[in-house]
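To start, the structure under review is shown below, and the notes come after it.
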Amino acid sequence: MENRKIIEVRNLVKNYGSFEAVKGISFEVYEGEIFGLLGPNGAGKSTTLEIIETLREKSGGEVYVNGYDLDKDKDKIKRIIGVQLQASGFYPGLKLSELIELFSGLYNEPVDPHTLLKLVKLEDKTKNKFKELSGGQKQRFSIATTLINKPKIIFLDEPTTGLDPQARRNLWDLVKDIRCKGTTVIITTHYMDEAELLCDRVAIMDEGKIIALASPDDLIDHLVAQGFERPKEVKQANLEDVFINLTGHALRDE
Ligand code: ADP
Ligand code: MG
């Protein structure tokens with residue numbers, strides 16, 4: 001993996017009134033990696049993401065994206081990032097092809113709806129309305145819209161929350177695909193299995209601080225080296241394995 005820093009965050013602080021939501025965190029994201037921000041609800045993940053995305057003002061610290069200073073070059077940053085909208089950001093009554101044309105116009109970036117939808121395996125849904133999609137399909141569609149302006153980095157804020165196991169796995173495949181094409185991915189999640197499978201490196205956040213930052217493997221090795229032992233697994237599979245084994249991993253109307 002290349003080690004060019006594409007995001008640098010230095011002593012980032014965010015206060016909401018007298019409440020310190022982000023307490024001076026620092027981290028770097030390398031070009032081409034899948035970087036995870038993990039942590040429980042309220043840890044400050046979304047706040048951090050939205051500041052880097054230029055959607056929220058910071059209270060202190062420095063942020064550089066692709067070398068652009070957030071304080072000076074917001075517009076340049078906006079042009080090279082893809083941000084996932086919440087489902088409520090889409091007109092529910094428009095067809096997917098119409099929504100893509102709308103975004104294409106907003107970004108002033110010509111895009112063929114069919115090609116884009118094929119990328120997220122929704123080519124059969126071109127004429128469907130957004131509100132007709134299932135949860136997993138809505139997430140895949142919203143990820144597709146982050147790709148319209150051919151960004152260097154995409155930001156995904158808990159893209160798999162609320163999805164069933166198949167839909168989650170399909171989304172992981174999609175995120176890996178996107179990364180394989182050279183796009184850097186920052187993702188937040190509170191699912192540790194997801195982070196372990198998907199992320200090259202993770203920052204674990206709690207109460208506005210980063211309490212660990214490394215690859216999932218290194219974090220686990222470090223814990224084991226301290227003498228940690230997991231209670232012996234009695235079974236070689238769990239109920240989720242049974243479910244996936246019975247129902248398959250194939251794409252369907254999830
Ligand atoms: P996470 O995404 O990790 O769940 P958030 O960044 O959404 O965490 O929130 C971090 C903390 O900041 C939480 O305690 C939350 O209640 C608080 N917070 C988030 N947004 C606001 C806001 N606009 N005004 C006041 N407090 C907020
Ligand atoms: Mg959040």
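Note that the structure is a prediction, hence the values are computed from the model and not measured. Note that ligands are numbered from 1 as they come in the structure, with each ligand's atoms numbered from 1 the same way. Only this structure's heavy atoms are used, side chains among them; waters, hydrogens and symmetry mates stay out. By convention here, the first residue in the shown sequence is residue 1.
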Note every protein N or O atom lying under 3.5 Å from an N or O atom of ligand 1, pairing the names and giving the distance.
unit_1, atom_1, unit_2, atom_2, d
ligand 1, 2 (O), Ser46, N, 2.9
ligand 1, 2 (O), Ser46, OG, 2.8
ligand 1, 3 (O), Ala43, N, 3.1
ligand 1, 3 (O), Gly44, N, 2.9
ligand 1, 3 (O), Lys45, N, 2.9
ligand 1, 3 (O), Lys45, NZ, 2.9
ligand 1, 4 (O), Gly42, N, 2.7
ligand 1, 6 (O), Thr47, N, 2.9
ligand 1, 6 (O), Thr47, OG1, 2.5
ligand 1, 8 (O), Gly44, N, 3.2
ligand 1, 20 (N), Tyr16, OH, 3.4

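Around atom NZ of Lys23, more than 12 heavy atoms belonging to other residues, nucleotides or ligands sit under 6.0 Å away.
With a cut-off of 2.8 Å, the Mg ion (ligand 2) has an N, O or S atom of Ser46 in range.
Residues Phe35 and Tyr30 keep their aromatic ring centres 6.0 Å or farther apart.
Salt bridge present: Glu57 and Lys74 bring a charged side-chain N and a carboxylate O closer than 4.0 Å.
Between the side chains of Gln139 and Thr160, not a single donor N or O lies within less than 3.5 Å of an accepting N or O.
Distance CZ/Phe155 to OG1/Thr188: 11.5 Å, rounded to 0.5 Å.
Proximity of Gln84 to Glu53: side-chain heavy atoms (C-beta onward) are nowhere separated by under 4.5 Å.
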